Amino acid sequence: MIRASSQSLVQTYQAKLIEIGDALGYESRRSYKKSAAGDAVWLDRRGDRIGTESLPVVAFKLLTFETAKEIREAIATLQAISPAQGVLVVIEEAYAERGRLLKRFDAESYPDHIRQIAEGLAAGIGLMFRVSVWTDQEVRELYRKEVEGRLKFA
């Protein structure tokens, strides 16, 4: 079960990713389909022109509490969506909070540990499916550049 603080972080980063996708010209949604529900997806609007639905270009899974097993499941969800690029976003803030409660890790080492697991799993599937691992900081930087930066010139 997702904790309330983790759910709030997921909603915050979903909103950021949707705004970034819109700013980049994609059709952006929280989910692709009920049977393949990511946390955010950017779709190519040109699908209608060729008689098909909008095609998923980038799909995101936000990681706030997942361990290696759940990260594998997140990758499987990205594969089911079948975008050109799947992205696992490690919300380090959530893992830092959790790391404070663990004996083996702390607020700094646990987010790094989870990111390394995600990168290893992504690399292992790399020949069959493209998966990147981002951090919440990378999402914030892209948001500043593509959303807030565009607002300055509007």
Side-chain angles (χ1 to χ4, degrees), residues 1-98 111 114-154:
M1 173 143 165
I2 262 182
R3 296 177 65 193
S5 61
S6 292
Q7 184 62 38
S8 175
L9 284 171
V10 166
Q11 291 170 347
T12 297
Y13 282 95
Q14 278 180 326
K16 284 185 184 302
L17 289 167
I18 288 170
E19 283 188 71
I20 294 166
D22 289 342
L24 293 172
Y26 294 107
E27 176 187 338
S28 301
R29 299 184 201 160
R30 290 194 187 284
S31 168
Y32 182 55
K33 293 181 178 183
K34 284 186 180 183
S35 60
D39 291 318
V41 63
W42 298 346
L43 303 158
D44 185 344
R45 297 175 191 267
R46 296 174 291 182
D48 293 335
R49 291 184 186 167
I50 58 172
T52 185
E53 62 188 331
S54 298
L55 300 172
V57 178
V58 184
F60 299 89
K61 281 299 287 175
L62 302 170
L63 308 177
T64 58
F65 68 94
E66 290 81 359
T67 60
K69 179 182 177 195
E70 289 95 3
I71 294 170
R72 282 188 204 91
E73 291 170 3
I75 290 172
T77 298
L78 292 174
Q79 285 181 295
I81 295 169
S82 190
Q85 178 72 45
V87 180
L88 298 170
V89 180
V90 178
I91 308 296
E92 292 184 334
E93 180 180 342
Y95 283 103
E97 180 182 324
R98 188 171 178 200
I114 293 297
R115 187 176 26 74
Q116 289 171 4
I117 288 173
E119 288 171 347
L121 292 170
I125 199 158
L127 293 176
M128 297 183 295
F129 180 70
R130 284 180 294 282
V131 180
S132 298
V133 177
W134 294 2
T135 64
D136 47 356
Q137 178 63 33
E138 290 169 292
V139 172
R140 288 192 304 270
E141 287 172 12
L142 190 58
Y143 184 84
R144 276 197 274 306
K145 177 183 173 189
E146 296 298 336
V147 176
E148 293 173 352
R150 290 175 193 242
L151 292 176
K152 290 179 188 175
F153 296 107

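Nothing here was measured: the structure is a model prediction, and the numbers come from that model.
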Problem set entry | Arg45 side chain vs Gly25 backbone, donor-acceptor pair below 3.5 Å | yes

Exercise. Are side-chain heavy atoms of Ile71 and Leu88 found at a separation under 4.5 Å?
Worked result: yes

For this session: Could you tell me whether the side chain of Leu55 reaches within less than 4.5 Å of the side chain of Leu43, counting heavy atoms only?
Result: no

For this session: Return the set of residues passing side chain to side chain donor-acceptor pair (under 3.5 Å) with Glu119 (not counting sequence neighbours), or none when no residue passes.
Result: none

For this session: Check whether any side-chain N or O of Tyr95 sits under 3.5 Å from a backbone N or O of Glu66 as a donor-acceptor pair, and report yes or no.
Result: yes

Problem set entry | Inter- and intrachain pairs under salt bridge (Lys or Arg N to Asp or Glu O under 4.0 Å), touching residues 125-137, at least two apart | Asp136-Arg140

Problem set entry | Side-chain donor-acceptor contact under 3.5 Å, Ser28 with Asp22 | yes

Exercise. Can you list every side chain to side chain donor-acceptor pair (under 3.5 Å) pair that touches residues 75-89, not counting sequence neighbours?
Worked result: Gln85-Ser132

For this session: Could you tell me which residues satisfy side chain to side chain contact (heavy atoms under 4.5 Å, CB included) with Ala94, sequence neighbours excluded, listed by chain and number?
Result: Ser6, Leu9, Thr64, Ile91

Exercise. Any salt bridge between Glu70 and Arg72, counting N to O under 4.0 Å?
Worked result: no

Problem set entry | N/O donor-acceptor pair under 3.5 Å between Arg115 side chain and Thr135 backbone | no

Exercise. With side chains defined as the heavy atoms from C-beta onward, is the minimum distance between Pro56 and Val41 less than 4.5 Å?
Worked result: yes

For this session: Could you tell me which residues satisfy side chain to side chain donor-acceptor pair (under 3.5 Å) with Gln14, sequence neighbours excluded, listed by chain and number?
Result: Arg30

Exercise. When rounded to the nearest 0.5 angstrom, what is the spacing between OH in Tyr13 and CG in Leu62?
Worked result: 9.5 Å

For this session: Sequence neighbours left out, what passes side chain to side chain donor-acceptor pair (under 3.5 Å) with Tyr143? Give chain and number order.
Result: Glu19

For this session: Before giving the answer on side-chain contact (heavy atoms from CB on, under 4.5 Å), spell out for Val89 and Leu63 the whole-Å C-alpha distance, their side-chain angles and the decisive distance to 0.1 Å.
Result: CA-CA 6 Å; Val89 180; Leu63 308 177; over 6 Å; no

Exercise. How many angstroms lie between CG in Asp39 and NZ in Lys61, if you round to the nearest 0.5 Å?
Worked result: 4.0 Å

Exercise. Is Val139 close to Leu17 at the side-chain level, that is, under 4.5 Å between some pair of heavy atoms?
Worked result: yes

Problem set entry | CG-CD1 distance between Leu121 and Ile117, expressed to the nearest 0.5 angstrom | 7.5 Å

Exercise. Do Phe60 and Trp134 have side chains that get closer than 4.5 Å, going by heavy atoms?
Worked result: yes

